[in-house]
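What follows is a single structure, written as structure tokens, with notes after it.
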Amino acid sequence: MKNAVETMKNHRAFRHFKIGESMPQSDVQTIIDCARQAPSWMNGQHYTIINITDPELRAKISALQPANPQVGTCATLLIFIADLHRADLCSQAYGGSFASVGHSDSLITAVTDASLAAQNATVAAESLGYGTCYIGGIRMIAPYIIELLGLPRNTFPLFGLCIGTPDIEMRIKPRLPENTVYAENRYPDDKTLSDGLADYEKTMSAFAEARERLPYREKFARYYSSSEPKNEPLIYRQGWLTSANDEKV
């Protein structure tokens, strides 16, 4: 077993797993135990982790994610849900109004709690010798996931985590220059950031990852040029942000 520092410094995403290989239940339990020990706001643990163990259900989710075939081939697929449903039940038990679910801070809290739990799970899985890959595309098929997993109001599927034995070795991907993501006492100035982004674009072009078809900055220029609302209507229907957006419910 690798220590935590070694594990985190050697993280890389694996998208090719040995097919048909299962994980010992003891390893799955260790990963879940570590995820559940993650810090959370007010010890609320505002997340739910759903392990997709039903082959038919896994096949349905995999079919909805053709760009992520690892969803169907990994040994274990965990889906992380931002969850305020239990908070609603707490509120009902003590006659609370549950009014704060309509605030953006509640959504931020649940997303943060789920992300911290997921990162604990990732470090645990990789320290046990497995490869991992986050699947952000889960939120792009959120309406289907909500239906397939029977998710109630005040929940939202954020991402999946594929875990398994890698079938292809992956290189450690270079990260942004430290001075673009870490500073002391004051946010970095735009020249530092722009210069760092330009240098990193050259680094990533030289790294030449096959799945990256655009220069680094252009990729984000294109993505953030879209005004498509993506999941906002669904977020409102699930009960989030309602107080500020009653007209959209």
Side-chain angles (χ1 to χ4, degrees), residues 4 25-54 57-58 60-61 64 71 76-125 127 132 134-163 229-249:
Q25 184 56 37
S26 59
D27 285 354
V28 176
Q29 190 63 57
T30 294
I31 292 166
I32 298 303
D33 289 345
C34 290
R36 293 177 57 230
Q37 284 301 120
S40 66
W41 174 251
M42 294 179 63
N43 194 33
Q45 302 156 72
H46 300 96
Y47 60 83
T48 293
I49 306 167
I50 299 182
N51 187 356
I52 308 301
T53 59
D54 182 339
L57 178 58
R58 172 84 80 92
K60 289 180 179 178
I61 296 172
L64 291 166
V71 167
T76 297
L77 173 63
L78 304 177
I79 295 184
F80 286 79
I81 313 296
D83 191 342
L84 285 184
H85 179 65
R86 289 192 303 274
D88 186 14
L89 296 179
C90 291
S91 184
Q92 292 177 39
Y94 278 82
S97 69
F98 200 48
S100 69
V101 72
H103 300 165
S104 59
D105 188 66
S106 294
L107 178 59
I108 293 170
T109 294
V111 171
T112 300
D113 279 8
S115 299
L116 291 171
Q119 189 59 19
N120 264 27
T122 296
V123 174
S127 71
T132 66
Y134 281 108
I135 306 297
I138 288 296
R139 72 179 187 276
M140 298 295 102
I141 56 169
Y144 303 100
I145 296 296
I146 288 170
E147 181 179 356
L148 288 170
L149 305 187
L151 301 184
R153 278 175 63 85
N154 308 126
T155 65
F156 200 84
L158 298 175
F159 46 79
L161 179 61
C162 291
I163 308 171
K230 297 184 174 67
N231 276 316
E232 282 85 341
L234 181 61
I235 289 172
Y236 302 137
R237 288 200 299 273
Q238 281 297 103
W240 305 87
L241 307 178
T242 54
S243 65
N245 296 279
D246 290 337
E247 74 280 2
K248 296 184 180 181
V249 176

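Note that the structure is predicted; figures quoted are calculated from it, not measured.
Between F80 atom CZ and L161 atom CG the span is 5.5 Å, to the nearest 0.5 Å.
Qualifying side chain to side chain contact (heavy atoms under 4.5 Å, CB included) partners for S127, counting only residues two or more places apart in sequence or in other chains: M1, T7. Taking the side chain to side chain contact (heavy atoms under 4.5 Å, CB included) definition, one finds that T48 meets it with I50, I81, D83, R86, sequence neighbours left out. The side chain to side chain contact (heavy atoms under 4.5 Å, CB included) test applied to I141 returns L64, Q65, I138, Y144, I145, not counting sequence neighbours. Take K60 and apply the salt bridge (charged side-chain N to carboxylate O under 4.0 Å, His left out) test, not counting sequence neighbours, and it matches E56. D27 meets the side-chain hydrogen bond (donor to acceptor under 3.5 Å, both in side chains) test with Y130; sequence neighbours excluded.
Of the N and O atoms on the side chains of S40 and Y47, not one donor lies less than 3.5 Å from an acceptor on the other residue. In summary, the side chains of D33 and Q37 do not present any donor paired with an acceptor at a separation below 3.5 Å, with no hydrogens or angles considered.
Between I135 and C162 the shortest side-chain heavy-atom distance falls below 4.5 Å. Side-chain contact between T76 and I31 is absent, with no heavy-atom pair separated by less than 4.5 Å. A 4.5 Å side-chain heavy-atom check between N51 and I32 finds every atom pair outside the cut-off. When side chains are defined from C-beta on, F98 counts as touching L84, because their heavy atoms get closer than 4.5 Å.
Checked against I79 for a side-chain contact (heavy atoms from CB on, under 4.5 Å), the options L148, I61, L158 give a single hit: I61.
For the pair S91 (side chain) and A87 (backbone), a donor-acceptor distance under 3.5 Å is absent. Proximity of a side-chain donor or acceptor of R58 to a complementary backbone N or O of V71 within less than 3.5 Å is detected. Side chain of R153 to main chain of R237: a donor-acceptor pair is present (N/O by atom type, distance under 3.5 Å, no hydrogens or angles). Between the side chain of N231 and the backbone N or O of R139, at least one donor-acceptor pair lies under 3.5 Å. Side-chain atoms of Q45 come within 3.5 Å of backbone N or O of N43 as a donor-acceptor pair.
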Evaluate L149 against I52 for side-chain contact (heavy atoms from CB on, under 4.5 Å), listing each step before the verdict.
CA-CA 9 Å; L149 305 187; I52 308 301; 3.8 Å; yes
Give the C-alpha distance, both sets of side-chain angles, the deciding distance and a yes or no for side-chain contact (heavy atoms from CB on, under 4.5 Å) between T122 and Y134.
CA-CA 9 Å; T122 296; Y134 281 108; 2.8 Å; yes
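Listed by first and then second residue, the salt bridge (charged side-chain N to carboxylate O under 4.0 Å, His left out) pairs that reach into residues 99-122 come to none, sequence neighbours excluded.
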